[in-house]
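Treat the numbers as computed from the prediction; the structure is a model and nothing was measured.
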Amino acid sequence: MRRLPEGWQERPYELIDVVPQGRLIGAEIRGVDLARCLTPALREELNRALLEWKVLFFRGAAITAEQQRAFALNWGELETNPLLARGSADDVVRFDKGGSATPTYENVWHADVTFRERPALGAVLQLREVPPYGGDTLWADMAAAYDNLPDAVKERIEGARAVHDFIPGFARFYGPERLAPLQDRFPPVTHPVVRTHPETGRRMLFVNTSFTTHIVGMEREESDRLLSLLVRQAHVPEYQVRFHWQAGDVAFWDNRATQHYAVDDYAPHRRVAERVAIAGDRPY
């Protein structure tokens with residue numbers, strides 16, 4: 001069980017306080033005002049913290065959607081997602097759950113938009129309204145998940161590619177009339193079963209329940225068995241961190257290195273969140 005990439009030298013932080021929330025993954029960041037512009041040095045330290053801890057938490061940030069967008073833009077251009085409800089801008093997604101709303105997009109481990117050729121680098125999520133209980137989010141370290149696979153399984157998936165498709169992940173929420181027009185925009189894509197992190201060089205499992213349909217070149221039964229084993233690795237508690245939200249909290253996670261799970265245990269109360277996603281690169 002290792003948190004850092006091989007050969008990575010742990011160094012103290014000079015501009016931020018990093019408070020670990022787990023052994024492998026998750027840290028609260030203190031001493032940063034997300035409403036203010038980041039200096040290059042502060043952006044560098046936050047990026048190093050993101051690479052080392054994979055998900056960062058900022059308690060009580062209480063920033064506006066525009067400030068949330070400005071913070072995320074330090075890591076690249078923002079994505080739009082026509083499959084999700086729009087917030088105050090095209091690249092702001094709003095999740096308004098509970099009450100009389102139909103439950104959606106929860107109760108499943110996944111990485112965001114792996115059905116794109118270039119899945120998101122990361123995402124910045126703020127809780128605007130929290131229920132009186134429940135509504136936690138969990139993240140899993142997919143580098144640790146890969147590290148701890150049996151050698152025989154690592155050999156089976158070496159060089160393997162898998163197909164990712166948005167239809168399975170959204171078909172339980174939308175009818176064909178909503179999904180069909182988007183199939184040309186988001187055709188199925190293939191990604192490595194084990195991707196390499198472009199900044200750390202670390203290898204990570206890159207298959208998930210929502211969007212990965214099968215492994216290329218395998219009979220369906222064999223592919224289903226192997227994928228079932230691989231996606232279950234996110235369920236291992238030792239690879240996880242669990243965050244209990246308060247209104248105004250912000251989480252910033254590396255979508256390349258993690259999966260996450262929103263717990264739907266707060267009905268009939270409301271849970272309102274807004275998210276911006278940062279465009280990523282092509283996995284290799």
Linking I/L/V/M/F/W/Y whenever any side-chain heavy atoms sit under 4.5 Å apart, do [X] and [Y] land together?
X    : Y    : answer
I16  : F58  : yes
Y174 : V113 : yes
L24  : V19  : no
Y13  : L51  : no
L34  : I29  : yes

Look at the rings of F170 and F115 and say which category their plane angle falls in: under 30° parallel, 30 to 60° tilted, over 60° perpendicular. perpendicular

Closest approach of [X] to [Y] (non-hydrogen atoms, all atoms of both residues):
X    : Y    : result
P119 : F206 : CG-CZ, 4.0 Å
E274 : A65  : OE1-CB, 3.9 Å
N74  : R43  : O-NE, 3.2 Å
I63  : A35  : CG2-N, 3.8 Å
V108 : S210 : CG1-OG, 3.6 Å
R178 : P82  : NH2-O, 3.3 Å

Check: E199/N47 side-chain N/O donor and acceptor closer than 3.5 Å: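 Indeed, the side chains of E199 and N47 share at least one donor-acceptor pair under 3.5 Å.
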
Regarding E52 and W8, do their side chains bring together a donor and an acceptor under 3.5 Å, going by distance alone?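 Present: a donor and an acceptor within the cut-off.
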
Taking [X] for the side chain and [Y] for the main chain, is one N or O donor matched with an acceptor at less than 3.5 Å?
X    : Y    : answer
Q126 : V124 : no
Q21  : R242 : no
H191 : H164 : no
R271 : Y266 : no
E45  : L15  : yes
Q259 : V207 : yes
T137 : F243 : no
Q68  : V92  : no
N255 : A120 : yes

Flag side-chain contact, heavy atom, 4.5 Å: [X] against [Y]:
X    : Y    : value
L83  : L179 : yes
V163 : V189 : no
M204 : K54  : no
V272 : R94  : yes
Y146 : K154 : yes
L84  : F95  : yes
D112 : R275 : yes
L149 : I157 : yes

Between [atom1] on residue [X] and [atom2] on residue [Y], distance to nearest 0.5 Å:
X    : Y    : atom1 : atom2 : result
R195 : L205 : CZ    : CG    : 12.5 Å
R202 : E6   : CZ    : CD    : 9.5 Å
Q233 : M142 : CD    : CE    : 7.5 Å
R116 : F211 : CZ    : CZ    : 10.0 Å
L227 : N208 : CG    : CG    : 10.0 Å
L78  : L73  : CG    : CG    : 4.0 Å

For side chain to side chain contact (heavy atoms under 4.5 Å, CB included), just list the numbers for R282 and E117, CA-CA rounded to whole Å, side-chain angles, deciding distance to a tenth of an Å, and then say yes or no. CA-CA 6 Å; R282 188 186 299 272; E117 287 190 5; 3.2 Å; yes

Those residues that, when tested against R232, pass side-chain hydrogen bond (donor to acceptor under 3.5 Å, both in side chains) (two or more places apart): S228

Set out, in order, the CA-CA distance, both residues' side-chain angles and the distance that settles side chain to side chain contact (heavy atoms under 4.5 Å, CB included) for R220 and D224, then state yes or no. CA-CA 6 Å; R220 176 63 69 167; D224 287 349; 3.4 Å; yes

Determine, for D264 against K97, whether the closest basic-nitrogen to carboxylate-oxygen distance falls under 4.0 angstrom. no

So does E158 pair up with R203, basic N to acidic O under 4.0 Å?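 Counted as a salt bridge, because a side-chain N and a carboxylate O are separated by less than 4.0 Å.
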
Among residues at least two apart in sequence or on other chains, which ones pass ring pair (Phe, Tyr, Trp, His ring centres under 6.0 Å) with [X]?
X    : value
Y133 : H269
F252 : F71, W75
W253 : W139, H260

If you count every heavy atom of other residues, nucleotides or ligands that lies below 6.0 Å from R36 atom CZ, does the total exceed 12?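 At most 12 heavy atoms, drawn from other residues, nucleotides or ligands, come within 6.0 Å of this atom.
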
R30 atom CZ, over 12 foreign heavy atoms within 6.0 Å: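 Incorrect, the count does not exceed 12.
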
Starting from Y261 and following side-chain heavy-atom contacts under 4.5 Å between hydrophobic residues (I, L, V, M, F, W, Y), which residues can be reached?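 Y261 clusters with W109, L138, V263.
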
According to salt bridge (charged side-chain N to carboxylate O under 4.0 Å, His left out), does anything in residues 55-68 pair up with another residue at least two apart or in another chain? List the pairs. R59-D249, E66-R69

Check the pair F57 / V241 against side chain to side chain contact (heavy atoms under 4.5 Å, CB included), numbers first and verdict last. CA-CA 11 Å; F57 305 114; V241 65; 4.3 Å; yes

Evaluation steps, side chain to side chain contact (heavy atoms under 4.5 Å, CB included), between Q67 and V250: CA-CA 12 Å; Q67 291 166 338; V250 168; over 6 Å; no

